[in-house]
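Take a look at the structure below.
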Number of protein chains: 2
Amino acid sequence: MSDSSTPEAGKDRAFVNGLARGLKVLASFSPDQIRMSLGDLAQATGLPKSTVARLVHTLVKLGYIYVCRETGRYSLHPRVLSLGYPVMASMDKRLVALPMMQELADYSRGTVSLGIRDGLSMILIERSRDRTVRALPLDVGSRIPMESTSMGHAYFAATNPEEQTDILKEFKAHDPARFAEVERTLRAAQKEYDEKGFCTSVGTWEDDVNAVGAAVELSNDVLAAFNCGGPATRITEESLPDLGVRLADLARHFQTADWVGQLPPRPYRGVQTT
Amino acid sequence: MSDSSTPEAGKDRAFVNGLARGLKVLASFSPDQIRMSLGDLAQATGLPKSTVARLVHTLVKLGYIYVCRETGRYSLHPRVLSLGYPVMASMDKRLVALPMMQELADYSRGTVSLGIRDGLSMILIERSRDRTVRALPLDVGSRIPMESTSMGHAYFAATNPEEQTDILKEFKAHDPARFAEVERTLRAAQKEYDEKGFCTSVGTWEDDVNAVGAAVELSNDVLAAFNCGGPATRITEESLPDLGVRLADLARHFQTADWVGQLPPRPYRGVQTT
DNA sequence: AACGTCGTACCGCTATGCGGTACAGTAATT
DNA sequence: AATTACTGTACCGCATAGCGGTACGACGTT
């Protein structure tokens with residue numbers, strides 16, 4: 001009893017454990033751990049080895065995991081990307097944001113990104129960079145921490161109290177020692193956001209990186225947040241108030257934009273596959 | 001018995017059905033069906049309603065699905081994107097391809113894409129377009145059919161016989177009526193690929209769209225394919241042989257490129273979340 | 001040769017997920 | 001206002017599916 005593997009454990013007759021655990025296995029891959037053995041997965045998920053073996057076996061049969069031919073280890077199959085595609089497609093609206101983002105990126109000579117929350121991180125789902133920058137520092141899909149970034153702060157400040165409570169609870173569980181500090185930071189962020197309409201980060205994520213953040217409602221119930229920032233050499237601390245206002249404007253414009261019909265018809269012509 | 005819900009059904013003691021079904025639920029969302037009720041999902045997956053209710057309940061608790069506040073229907077949560085991120089990140093190498101793709105896109109005045117197989121479709125994972133084109137016809141993550149595109153043909157031609165058999169089997173199951181024709185097409189594509197090193201498509205996907213395709217091994221065991229194409233006004237039929245050779249060259253260069261160290265260090269600095 | 005780790009196999013037990021069927025709400029019908 | 005078709009939820013007995021211990025042969029490293 002007392003299944004410690006999943007957060008929700010109680011006596012939920014309607015909770016399919018096998019599914020939860022399988023997804024936990026999938027989610028336990030990370031950019032630094034893309035090849036994993038059964039043992040690795042067992043350790044990462046906290047599940048017994050034989051259980052993991054069964055789950056992996058299933059995932060392999062379904063094609064979401066494959067065995068690397070040379071190392072013999074397990075790896076995520078690109079097919080998992082197909083799970084996310086409807087999400088991307090449903091966020092057509094983000095395409096409307098792109099030109100606006102590009103404009104601000106050029107103006108600020110930095111990077112403008114759009115991200116959503118996952119756990120205690122923000123996942124980037126769209127990004128525009130100043131055309132004079134060659135390197136792409138943060139690719140779409142990468143994560144940045146919520147507690148130290150302007151994007152994360154804006155998100156926290158803009159979400160409803162229930163989710164805020166959840167987030168704080170998760171932080172507490174994740175790192176009790178830092179919890180008090182994190183809570184203070186986030187509350188301060190909310191204060192700033194309520195007053196100015198955006199959040200500021202001066203070297204809180206990385207030294208010498210400055211940014212501002214502002215939230216938007218992406219589609220019906222999905223909250224997201226923009227940020228605009230870059231190295232302190234390009235994005236000076238003095239420029240932040242200006243950029244903050246512009247970013248908040250961008251968010252407001254985007255939110256209220258009538259976008260129906262602005263986009264080309266869906267180019268989806270694929271065979272409907274299993 | 002005779003569980004018709006999953007293709008693999010036999011007496012596989014190590015196959016976790018709940019997981020397979022749960023993933024089936026997730027996968028049954030599509031760009032045209034982003035909001036679904038229990039009934040819709042039951043129909044789409046072929047599972048009994050009560051079962052779907054349990055699976056959805058689980059997925060909601062895990063945060064992969066959320067209930068739309070106003071319609072009350074179920075929707076994929078952007079969080080599913082996080083499952084795919086390690087895959088994207090593991091394909092660092094595709095970033096090396098980008099400049100080469102851009103160059104060919106500019107040269108051809110068309111679009112160059114990179115895609116991988118999922119079922120009977122190819123999913124685009126990277127794309128460069130000629131800088132004079134404003135519209136983005138096919139976004140990353142979208143699908144194009146395998147049987148009628150140069151990318152799909154190249155992929156089929158380049159994969160191993162076992163996968164070819166699988167693919168054909170899947171086609172047969174999917175659309176028996178067209179199977180003979182499809183098989184003929186794919187065999188012909190393979191012949192062309194073996195001879196020339198690329199596949200040609202003249203109006204087979206869309207009227208007035210021409211393209212060439214060539215395959216590459218992306219990472220260890222993952223096969224992918226490039227294509228280069230566009231509207232017939234820009235990509236003439238006469239130019240295809242030239243473009244084909246160039247695309248095959250691109251693929252070969254990419255494959256053999258020593259890319260270690262060409263990329264910036266991984267910018268992953270997020271909090272490791274649950 | 002001794003160890004560690006790989007993945008696979010076995011197997012008894014019971015908790016677990018199954019899928020009928022029934023029900024209380026709401027929305028769009030007539 | 002009565003009807004119909006939906007939503008999602010709840011209940012419940014049953015059988016089995018999934019669990020997780022433990023044991024094993026195969027590599028590869030030290």
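What you see below is based on every heavy atom in this structure, not just the backbone, and it leaves out hydrogens, waters and symmetry mates.
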Revision key, fill the gap. The answer to which of A/G39 and A/G18 contacts DNA chain C further toward the 5' end, by nearest nucleotide, is A/G39
Practice item. Measure from CZ on A/R73 to P on C/dT8 and round the result to the nearest Å. Key: 14 Å
Revision key, fill the gap. With the side chain defined as heavy atoms from C-beta on, A/N17 is closest, among D/dG18, C/dT8, C/dG17, to C/dG17
Practice item. Round to the nearest Å and state the distance from B/L47 atom CG to C/dC18 atom C1'. Key: 11 Å
Point to revise | A/H57 NE2 to C/dC6 P, straight-line distance once rounded to whole Å | key: 20 Å
Check your understanding: Given atom CG of B/L41 and atom P of D/dT7, what is their separation to the nearest angstrom?
Key -> 10 Å
Revision key, fill the gap. Considering only heavy side-chain atoms of A/Y74, the closest of C/dG7, D/dG20, D/dG8 is C/dG7
Practice item. Nearest whole angstrom, please: distance from the P of D/dT7 to the CG of B/D40. Key: 6 Å
**Study point:** Whichever of B/K49 and B/R54 has its nearest DNA chain C nucleotide further upstream toward 5'
**Key:** B/R54
Point to revise | Ion pair check, B/D40 and B/R35, cut-off under 4.0 Å | key: no
Check your understanding: Does OP1 or OP2 of D/dG21 have a side-chain N or O of A/S50 closer than 4.0 Å?
Key -> no
Review point. Do the side chain of B/T159 and the main chain of B/Y155 share a donor and acceptor less than 3.5 angstrom apart?
Key: no
Exercise for review: Look at B/R21 and C/dG19 and indicate whether a side-chain polar atom (N or O) is within less than 4.0 Å of OP1 or OP2.
Suggested key: yes
Check your understanding: So, B/H153 side chain and B/Q190 main chain: donor-acceptor pair closer than 3.5 Å or not?
Key -> no
Exercise for review: Would you kindly give the CG-to-P distance between A/L55 and C/dT8, to the nearest whole Å?
Suggested key: 14 Å
Exercise for review: Starting at atom CG of A/L19, determine the distance to atom C1' of D/dG18, rounded to an integer number of angstrom.
Suggested key: 14 Å
Exercise for review: Pick out which of A/L41, A/T58, A/T51 makes a side chain to side chain contact (heavy atoms under 4.5 Å, CB included) with A/V25.
Suggested key: A/L41
Revision key, fill the gap. With the side chain defined as heavy atoms from C-beta on, A/S37 is closest, among D/dG18, C/dG7, C/dG20, to C/dG7
Exercise for review: Using only side-chain N and O atoms of A/T51, determine if any of them is under 4.0 Å from OP1 or OP2 of D/dC19.
Suggested key: no
Practice item. Would you mind checking if A/R117 and A/E170 are paired as a salt bridge, meaning a charged N to carboxylate O distance below 4.0 Å? Key: yes
